[in-house]
Every structure is written in structure tokens, then in C-alpha cells.
Amino acid sequence: MADAQKTEHSAAPAQAGASNRSTTPGSTTFRDYIASGWADRTDIIPPARPEASFAAARRDAISALHPEETLVIPAGDRKQRSNDTDYPFRAHSAFSWLTGWGSDSEPGAVLVLEPRAGGGHDATLYFRERAGRDSDEFYANSEIGEFWIGARPSLAQVAGDLGIATRGIADFDAVRQSADASTRVVREAAGELLQGTDEELDAGFARDLSELRLVKDAFEIEQMRLAVAATARGFDDVIRDLPRISAHQRGERIVEGVFNTRARVDGNAVGYDTIAASGPHACILHWTTNDGPVVPGDLMLLDAGVEVDTLYTADITRTLPISGSFSPVQRDIYEAVREAADAAFAIVRPGIRFREIHATAMAVIARRTAEWGLLPVSAEEALEADNQQHRRYMVHGTSHHLGIDVHDCAQARREMYLDGVLEPGMVFTIEPGLYFQPDDLTVPESFRGIGVRIEDDILVTADGAENLSAGIPRTADDVEAWMARLS
């Protein structure tokens, strides 16, 4: 808002340290005038949003694990990008999961669960309510003033929307002052908000919040479907725009921009930085610089996910032949990766251990790399714990849980996650790959610079599994037909 700097010389600064950004007249006449002449504003109290009842059940679940403790879950604050600009605000995942407040949540909000006599907790949501139009904050505060950032909700509106009692953020001081050994806080989001709680017990609280998210409820599963569907549209958009992408020296940037446009149109944002890795960049597992060309004849690995407004995200990878057709070598490598993915998916059902998915995929990777003569030992020998030579070509894991975080439930205990037993409602990725670095002398020259990953989002069902992203073409033949159809 460059024009905001062009204000009258006699103005007083709106905020300390902000005089070079914006100034507002400091006269009493101006303050009286800007505070008058506004139409009455009637609060319309919305009905509770669909996720409110699910969030209430989640609060009950964490309440049961922490009786007689005060639980503090902050949304977090804006984070500075540079000088007086901030990164887009996204509430902490635990806060959104427990409140149902997603992309529209207020920075600085805090959910507090206070134990009540007889068991359970009372939930209160504290946040900074909008200022009246008779307040300097309304027009002079560029961080939260409605003149600057648009309409903000009232306490009553949020209480109706989320089905949670609300209070002004100033009232949180009482919670802060009464904090003691029985107070737990999500430290990741707390900053300086609350000090003096027990670090080890807080870590256990964060662990419990992670583990409760391992099994998704019906609302979460529906949001995952929406995220996958939006991501599929984003992949279509990229394929349609390949002529423009291939014509630009930084075509990967255009890929990123095209997909991010879909994410903003159909959701809140991307769930993580888009990986648009063409040619040898596909061998770099987290290539997000995205500044290279997209050259016909090469493969492009596109790892991207739309985060919907409730903050649930997809995480999907497809590897595309830029010219529309795989070469024989590219096809062999691609289909080996797909074979590993299909083998892993085939064993998914309630009762198996999460780690078995990875082991199954890696057995295929070991067998195929041995068949190509890349290993100094047999596939069976490579799979022994003390060997693992095949992992040179796929150093990452095959699966991670997925949901309101792209790497969801990350603070869960090993015995609940990697060694955990699958249950209906779990959602995770299956994403094997093969990456042959351009300077890797252990592989044929024709393999060098080829990277392939296929990643799908998997829901465990009562008797097996559903590939939520199966509608996005996966086989080499189907990928080529997909690209031909959209070109």
C-alpha cells in the first residue's frame, strides 16, 4: 500500500516505529470527525459451522487425558518476513483442530480448557475483539484496524460460529497469573504468552494432541477428499499450461505459480512449498528453489498439495514426461516405482504395522535395482539391516501421516507411529521413488539425472484401504493419455 505513505506532514504516527509506513492526523477535530457518521452495524450471529461438533468431541478427548489440568492452546502470532511485513498467518494446527477455526482464525487467539468440578473442562476462546469506530485502533492500527485489514468478528459472532464461549484477550491475564504446575501449554505456539510451565509435561501434552490426530473423524476425511480433488485440478492446470511453461527459462517457477493459483482459488494456500523439479532437479528430494527450465524430453516431478480453508492438506506427487511420452528408460524406472507403490498399497489394512508399508515398497526397490545390476550384492542381501545398498537410490521413508499438517502427528511416540498398528480412519501417504543423481557412477549413463516419485494419499478403511488420489492418473500409459487429453 505505497500510497499510504503519502499523508500530511502534520500527522502523528499510527504506531511506534511505523512513522515511515503510515501517518494519521493527530488533531482532535480529525479524531472526532472520523469517529462519526457511520451506519449502525448489526452483528449477525451465525449458526455453528459443521466442524464445531467435531471440534467439541476432540476437546473432550484431550480433556479426558488431562483431568484437573488447565490446558492452554494458542493460535500463535504473525511472524515477521522483513521489516514491517509479515508472513501470511496460519494458526497452529492443534488450535485449529480443537476449535474448528481454520483460515479465518484470529492471530493471537488462545483456547483455554479449565477443569471444572465433577470432571471435564470448560472451554473459553480468548481473542482481541475488533475496536469500535470511536477508537484510534479502528483507523490507525495497521496490524488489526479494520480500515487496514477489513472486517473482524465480534466475540458473539465467534461464539456462535464455533460453539465456544469467548472473552476478550485482556481477560487472558487472569489465566496467565494463575498458571501453576497443573497448567499445560502448546509451547510451539506460545512464544512469550505463558512462562514457567513444566517443559517435560508440556511435551507430553503436545504428544497427546499428536496421537489423538492419528485417526481422523468423518469431518476430517471429507476435508481430505476436498483437498485431494482441488490438488487434482491443480495438476490438470499445470499440464494444460506446459507449452508456456516449457518456453520459459524458469519454467519451474511457472509450474509453481500455476499450481499456487489453484490452491488460492480452491483453498487457503498450498499445504507446503511446491516441488516443481524438472530434469536432474527431480533427484533433489526437497527441491523448492524451482528456478530451472522445463525441457521436453526430461521428466518433471511435481510434488504439491492444496490446503483447504479448514487447513487440511493433500500431498500428492506425479512424475510427468514433458514431451508427453516416456522414453524406454524413463518408463522402466517409472513403472518400477509404481510397482513399489502398488505393492505397498496392497498390504494396507487394519491390524498391520505402519512400518510394514515401507518394508514392502523397499523390497521392490531392492529387487528392481538388483535386476538392473546396480547393487554389489543380491536384493536379499541388500535388504539385510546391516547392508541397505539399495537405499542409495531412495533414502527417504515411504509413508507419513497426513491431515491438518502435511507431516501430521509428528510428535506421536514411535510405538504409536512408526511401530503403530493401522486403524480405520488413518490417513497417510505412500510415496516410493528412485533418484539417480547426474554424477552417480554406480548407474548407467542413461539413468543419470532421472528422478521419479509417485505419491498417493491413503485412507485405512474397515477392511482394507482406499487410495484417495487414485483418480489422478498413475500408470505410465494413463499418464501419457492424461497429458494428450489436456494438451
Side-chain angles (χ1 to χ4, degrees), residues 1-47 49 74-91 95-96 99 101-111 124-162 164-176 189 191-193 264 268-269 309:
M1 190 175 177
D3 290 343
Q5 297 184 20
K6 302 174 183 176
T7 51
E8 297 181 22
H9 296 293
S10 61
Q15 306 172 254
S19 58
N20 288 327
R21 175 175 179 180
S22 62
T23 55
T24 55
S27 70
T28 301
T29 300
F30 171 78
R31 288 198 296 268
D32 290 345
Y33 185 67
I34 199 170
S36 64
W38 301 104
D40 290 339
R41 178 160 56 179
T42 302
D43 275 357
I44 298 174
I45 309 302
R49 60 180 65 184
D77 290 306
R78 291 184 178 90
K79 292 181 172 59
Q80 183 185 41
R81 183 181 185 275
S82 66
N83 190 27
D84 58 354
T85 61
D86 297 324
Y87 288 104
F89 176 72
R90 183 196 187 278
F95 174 88
S96 289
T99 62
W101 219 359
S103 63
D104 56 341
S105 56
E106 286 283 318
V110 188
L111 173 68
T124 306
L125 185 56
Y126 297 82
F127 70 96
R128 187 166 184 171
E129 190 181 15
R130 68 185 183 211
R133 286 166 171 167
D134 57 350
S135 164
D136 288 0
E137 180 182 293
F138 169 61
Y139 62 86
N141 189 318
S142 61
E143 183 180 354
I144 60 173
E146 289 185 298
F147 236 80
W148 292 85
I149 66 169
R152 295 178 60 236
S154 69
L155 294 175
Q157 286 174 322
V158 172
D161 189 14
L162 302 180
I164 305 175
T166 55
R167 298 182 71 172
I169 193 64
D171 292 340
F172 181 75
D173 283 345
V175 177
R176 184 185 292 111
E192 300 298 316
L193 184 72
R264 289 292 284 163
N268 177 51
D309 286 323

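Residues take their numbers from the sequence shown, with the count starting at 1.
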The reported gap from CD1 in Ile34 to CG in Asp32 (rounded to nearest 0.5 angstrom) is 11.0 Å

First locate atom OG of Ser154, then atom CG of Asp161, and finally report the distance between them rounded to the nearest 0.5 Å. 10.5 Å

Distance-minimising heavy-atom pair for Tyr139 and Phe147: CA-CB, 3.7 Å

Evaluation steps, side chain to side chain contact (heavy atoms under 4.5 Å, CB included), between Asp104 and Asp309: CA-CA 8 Å; Asp104 56 341; Asp309 286 323; over 6 Å; no

Using distance only, find each side-chain donor-acceptor pair of residues 75-82 under 3.5 Å and give its atom names and separation, not counting sequence neighbours.
from	atom 1	to	atom 2	distance (Å)
Asp77	OD1	Gly108	N	3.4
Gln80	NE2	Asn83	O	2.5
Ser82	OG	Thr85	OG1	3.1

Report the residue from Phe172, Trp101, Phe95 that forms a ring pair (Phe, Tyr, Trp, His ring centres under 6.0 Å) with Phe127. Trp101

Nearest-0.5 Å distance, CZ of residue Arg130 to CD of residue Glu137: 12.0 Å

Determine yes or no for a side-chain-to-main-chain donor-acceptor pair under 3.5 angstrom, with Arg133 supplying the side chain and Ser36 the backbone. no

Look only at the side chain of Asp43 and the backbone of Ile45, and say whether a donor-acceptor pair between them is shorter than 3.5 Å. no

Between Arg176 and Leu193, is there a donor-acceptor pair closer than 3.5 Å when you use the side chain of the first and the backbone of the second? yes

Could you measure the distance from the CD1 atom of Ile144 to the CD1 atom of Ile149? Nearest 0.5 Å is fine. 7.0 Å

Hey, could you give me the CG/CZ distance between Leu155 and Arg167, rounded to the nearest 0.5 Å? 10.0 Å

Please name the residue in the list Glu106, Glu129, Glu146 that meets the salt bridge (charged side-chain N to carboxylate O under 4.0 Å, His left out) test with Arg152. Glu106

Between CG of Leu111 and OG1 of Thr166, what distance do you get to the nearest 0.5 Å? 12.0 Å

How close do Ser96 and Gly102 get, heavy atom to heavy atom, and via which atoms? OG-CA, 4.2 Å

For Ala131 and Phe138, the nearest pair of non-hydrogen atoms, with its separation, is CB-N, 4.2 Å

